[in-house]
Amino acid sequence: MKRFIIEREIENAGDLTVDQLAGIAQTSNEAVASLGVPYTWVNSYVAGDKIYCVHEAEDAETILEHARRGGFPANKVTEVANEFGPQSAQSAAS
């Protein structure tokens, strides 16, 4: 599966309560289950008026279908080209 970053513009997203986020998670999980294809919600991050989600699917169209079924905005869907982190520095030293 490919990994995607989804940018969702949601006014006052940073003010969502734990209960509201739990409700969104439940709706997302139900949308994932309804797709009938391989799909993984990895994690989401709330920042200001946006929620950034990391999901795995075969293509961007499946990401958009998940958003439609869940009633979520998907303002921007970008396929991840590569991943790196602090541990990646070790590769350069080899």
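Along the sequence shown, the residues carry numbers beginning at 1.
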(request) Determine whether M1 and V42 fall in the same hydrophobic cluster, where Ile, Leu, Val, Met, Phe, Trp and Tyr are linked whenever their side-chain heavy atoms lie under 4.5 Å apart. (result)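 No, M1 does not connect to V42 through the hydrophobic network.
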
(request) State yes or no: do I51 and F4 share one hydrophobic cluster built from I, L, V, M, F, W and Y residues joined by side-chain heavy-atom distances below 4.5 Å, directly or via other members? (result) no

Give me the atom names and distance for the closest heavy-atom approach of [X] to [Y].
X   : Y   : answer
A74 : L64 : CB-CD2, 3.9 Å
A13 : V46 : O-CG1, 3.4 Å
I63 : A57 : CD1-CB, 3.8 Å

(request) Check R8, E7, H66 against C53 for a side chain to side chain contact (heavy atoms under 4.5 Å, CB included) and give me the one that passes. (result)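 Among the candidates, only R8 passes.
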
(request) Applying side chain to side chain contact (heavy atoms under 4.5 Å, CB included) between F72 and each of I6, I24, I10, report the one that passes. (result)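 Checked I6, I24, I10 against F72; only one passes side chain to side chain contact (heavy atoms under 4.5 Å, CB included): I24.
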
(request) Using side chain to side chain contact (heavy atoms under 4.5 Å, CB included) as the criterion, list what pairs up with E83, not counting sequence neighbours. (result) R3, V80

(message) Which residues pass the side-chain hydrogen bond (donor to acceptor under 3.5 Å, both in side chains) test with S44, not counting sequence neighbours?
(response) W41

(request) Only counting residues at least two apart or in another chain, list the ones meeting side-chain hydrogen bond (donor to acceptor under 3.5 Å, both in side chains) with R69. (result)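 Here the qualifying residues are S34, E65.
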
(request) Please check if atom CD in Q87 has more than 12 non-hydrogen atoms from other residues, nucleotides or ligands closer than 6.0 Å. (result)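 Check passes, neighbour count above 12.
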
Rounded to the nearest 0.5 Å, how far does [atom2] of [Y] lie from [atom1] of [X]?
X   : Y   : atom1 : atom2 : value
E9  : D49 : CD    : CG    : 8.5 Å
Y39 : N29 : OH    : CG    : 11.0 Å
L21 : Q26 : CG    : CD    : 13.0 Å

(request) Assess whether side-chain contact (heavy atoms from CB on, under 4.5 Å) is satisfied between T62 and V37, documenting all intermediate values. (result) CA-CA 9 Å; T62 306; V37 297; 3.8 Å; yes

